[in-house]
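Per chain, numbering begins at 1; letters A, B, ... match sequence-line order. Atom set for the values below is all heavy atoms of this structure, side chains included, hydrogens, waters and symmetry mates excluded.
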There are 2 protein chains.
Amino acid sequence: MAATINDVARVAGVSISTVSYALSGKRPIGEKTRQRIESAILELQYQPNAGARALAGRRTYILAVTEPLRPDTYTPAHMAFVLAAATAARAYDYDVLLLTQDEATGGLHRVTSSRLVDGVIVLDVLAEDERAELVRSLDVPAALVGIPADTDGLVCVDLDFEAAARLAVDRLADGGHRVVGLLGHPPSVYARGSNFPLRFREAFVTHAAERDLEVRLGAPERTIAGVREAVAEILGPDRDLTGLVMHCEDTIQMRTLDVLCAAGLRVPQDVSVISAASTFDTSTFAPPLDVIPLIPAESCSRAVELTIAQITGTVEPRVELIPPTYVDRGSTAPRRP
Amino acid sequence: MAATINDVARVAGVSISTVSYALSGKRPIGEKTRQRIESAILELQYQPNAGARALAGRRTYILAVTEPLRPDTYTPAHMAFVLAAATAARAYDYDVLLLTQDEATGGLHRVTSSRLVDGVIVLDVLAEDERAELVRSLDVPAALVGIPADTDGLVCVDLDFEAAARLAVDRLADGGHRVVGLLGHPPSVYARGSNFPLRFREAFVTHAAERDLEVRLGAPERTIAGVREAVAEILGPDRDLTGLVMHCEDTIQMRTLDVLCAAGLRVPQDVSVISAASTFDTSTFAPPLDVIPLIPAESCSRAVELTIAQITGTVEPRVELIPPTYVDRGSTAPRRP
DNA sequence: GACCGTCGTCGAAGCGCTTCGACGACACTG
DNA sequence: CAGTGTCGTCGAAGCGCTTCGACGACGGTC
């Protein structure tokens with residue numbers, strides 16, 4: 001059997017409460033006592049029993065991460081967030097319970113009301129998301145990565161997609177480009193109400209209008225043919241498009257570059273290209289792309305932070321938007337006269 | 001505060017042990033009592049406290065899933081296994097704690113010796129894998145999905161990659177093909193000692209020799225150029241290769257089809273193509289490919305089953321190989337004379 | 001020197017559940 | 001009808017931990 005706190009106390013010749021306080025640091029402990037306890041712990045390979053700790057301490061040190069991974073979502077990007085959340089949680093000594101697919105919603109109720117978890121990280125938030133409702137009504141420490149339509153009473157974190165869209169538009173507008181395109185996600189993604197593609201697209205269109213640009217939108221299917229078609233359409237019959245922003249999966253972006261190349265268009269001489277809100281590495285693309293990165297670790301570690309702050313104290317509901325940054329890799333250039 | 005078993009007992013007018021037995025079914029309960037208890041549970045929205053249950057019952061109903069997700073591994077395929085494990089676990093009323101990256105090894109010790117989890121599912125097993133050692137020495141209920149070099153004392157489950165390789169070889173050999181190629185993973189994957197690519201490749205080479213075939217191996221990098229080069233090499237200067245087996249990521253497979261098409265080679269008229277041990281859907285490829293599928297749900301649910309069997313009883317160490325199946329989609333044809 | 005505060009330690013009371021042993025109430029045996 | 005089971009229920013003893021209150025031993029104050 002595994003050693004218990006009783007064994008440690010006996011070996012160290014102190015009471016169990018002393019051991020507990022030595023471990024938690026909630027009361028001062030004499031130097032010599034502490035050392036005896038520490039060596040007893042080492043000797044016995046003592047690890048506190050998680051169940052007992054949860055029961056007595058009312059903390060499990062587990063966070064639920066809910067990520068539906070809906071059929072048409074793009075796994076790598078979403079998993080990057082799950083991983084980032086897991087890593088961030090470990091930095092605070094929390095473990096992560098994974099709730100996916102149907103459990104993403106159903107399991108949320110179960111794990112919170114059985115006090116299996118201390119808090120919840122909600123990923124891939126839709127504009128209308130059951131889980132947002134659930135979190136609100138359950139009144140459990142939680143942070144959403146993404147912004148639902150109704151943020152009332154919730155703690156949300158996300159990249160500032162609107163600002164990212166403006167940043168991309170400005171870059172092209174400042175370069176003198178007049179006709180710009182946005183290559184987005186497959187139509188089904190917009191239909192589902194996934195929030196960030198919509199937010200990005202709206203801000204893109206709005207700000208392009210403010211900057212007096214002509215805008216063309218594409219929502220290619222994932223197939224080669226789909227990309228080819230969308231690119232052809234966006235370029236226009238006269239191929240007068242000179243600025244292209246891509247806010248989509250890596251395969252689509254790579255294929256787009258292939259298609260541009262095949263069409264004899266050079267980047268950035270003929271077309272300036274920006275990869276926006278991408279979770280993957282665009283520096284290995286051919287050519288490497290300018291990017292406004294979406295860094296999972298950033299939003300997730302903030303979400304974990306805010307959740308833990310709610311567990312240990314109290315946090316005002318809020319929406320925190322992370323300002324975007326622009327990484328220049330030479331895939332944009334001023335428009336040639 | 002959440003309702004406890006005490007509240008339920010009070011409302012139902014019985015003792016707490018009766019409630020507990022009603023819940024677990026470990027002793028018979030009178031019909032009327034059971035109903036009173038059930039309605040009390042509904043009324044109070046009672047959910048047993050996970051920590052207390054773990055402490056008293058010595059079961060947490062949590063399984064650890066360890067998946068290192070090493071830098072060069074292909075996320076979608078690996079995550080498919082994580083998801084399958086989570087889903088399978090839920091079917092047995094177990095939740096899943098995710099251990100990735102550095103925690104995949106380090107966290108294993110922590111979560112088992114603190115009794116946070118009842119068992120462990122080990123994914124992406126290397127030929128030489130620390131986690132196999134750890135599981136052996138920890139003596140914790142566990143199942144590995146994949147086969148380490150030393151399986152002594154371990155419970156392992158996996159697709160029978162050797163049989164899959166033979167199946168692919170036989171299909172081509174029976175079709176009269178004499179020169180066959182295997183397009184595998186990037187070199188780094190083989191170098192790392194990931195076990196299934198190696199097992200597949202070895203069996204492929206061995207069995208092709210038995211069938212008197214000439215074998216060409218390719219291990220393309222993920223880039224377009226990498227694929228193009230590997231395909232050119234495998235086809236040979238005379239393009240005498242007529243059978244191709246792909247055991248690699250979906251992007252590489254798609255690109256290979258693009259490259260074949262660009263080279264004017266038709267599938268299956270000029271080249272017969274088989275996708276082997278693939279976790280993704282090859283029916284949407286152009287053309288749809290014959291496939292020997294690797295079904296994560298299959299190995300994972302068996303792994304979960306075997307782990308839970310170890311928790312509740314005892315299971316002999318073993319290696320269970322899942323027989324491969326062949327799905328015909330018309331991408332192979334007899335060799336033209 | 002009486003008084004106070006801090007430090008370091010202990011004992012004991014839970015936390016909410018499972019499970020063992022006990023026991024009354026029956027329904028069978030023979 | 002005494003003996004033997006099974007059924008349905010209860011009380012109580014933990015499971016291993018945290019935390020509260022208490023208390024002796026000091027060192028400082030006035």
Counting side-chain heavy atoms from C-beta on, which of [options] comes nearest to [X]?
X     : options                : result
B/V14 : D/dC17, D/dC10, C/dG16 : D/dC10
A/K26 : D/dC17, D/dT19, C/dC17 : D/dT19
B/R58 : D/dT9, D/dC17, D/dC15  : D/dC15
B/S20 : D/dC17, C/dT19, C/dC17 : C/dT19
A/L55 : C/dG16, C/dT9, C/dT18  : C/dG16

Would you say [X] reaches [N]'s phosphate, i.e. side-chain N/O to OP1/OP2 under 4.0 Å?
X     : N      : result
A/T4  : D/dG16 : no
A/Y46 : D/dC17 : yes
A/S15 : C/dT9  : no

Tell me: [atom1] of [X] to [atom2] of [N], nearest whole Å?
X      : N      : atom1 : atom2 : result
B/L23  : C/dT18 : CG    : P     : 7 Å
A/N49  : C/dC15 : CG    : P     : 18 Å
B/I16  : C/dT18 : CD1   : P     : 9 Å
B/R36  : D/dG8  : CZ    : C1'   : 12 Å
B/N6   : D/dA12 : CG    : C1'   : 13 Å
B/L116 : D/dG16 : CG    : P     : 16 Å
B/R115 : D/dC15 : CZ    : C1'   : 12 Å
A/E31  : C/dT9  : CD    : P     : 10 Å

- request: Run through B/Q310, B/R58, B/R59 and flag the one making a side chain to side chain contact (heavy atoms under 4.5 Å, CB included) with B/D118.
  value: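 Answer to the side chain to side chain contact (heavy atoms under 4.5 Å, CB included) test with B/D118 among B/Q310, B/R58, B/R59: B/R59.
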Classify the side chain of [X] versus the base of [N] as yes if they form a donor-acceptor pair under 3.5 Å and no if they do not.
X     : N      : result
A/Y21 : D/dC17 : no
A/R27 : D/dG21 : yes
B/S17 : D/dG11 : yes

query: Hey, mind stepping through B/Q45 and A/S113 against side chain to side chain donor-acceptor pair (under 3.5 Å) and telling me if it holds?
result: CA-CA 9 Å; B/Q45 302 218 56; A/S113 60; over 6 Å; no
query: With no hydrogens and no angle check, is any side-chain donor or acceptor of A/S299 less than 3.5 Å from a backbone partner on A/V157?
result: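 No, the answer is negative, given that no donor and acceptor are paired below the 3.5 Å cut-off.
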query: Does A/D129 come within less than 4.0 Å of A/R70, counting only side-chain N to carboxylate O?
result: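 Looking at A/R70 together with A/D129, the answer is yes, because their closest N to O distance falls below 4.0 Å.
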CG on A/L97 to CD1 on A/I121, rounded to 0.5 Å: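 Here the interatomic distance stands at 12.5 Å.
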query: From B/L23 CG over to B/Y46 OH, what is the distance, rounded to the nearest 0.5 angstrom?
result: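 Reported to 0.5 Å precision, the distance equals 6.0 Å.
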Which residue lies more 5' along DNA chain D, comparing A/V19 with B/A52 via nearest heavy atoms: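 Going by which nucleotide is closer to the 5' end, it is B/A52.
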- prompt: On DNA chain D, nearest-nucleotide positions of B/R34 versus B/G57: which is more 5'?
  reply: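 Result: B/R34.
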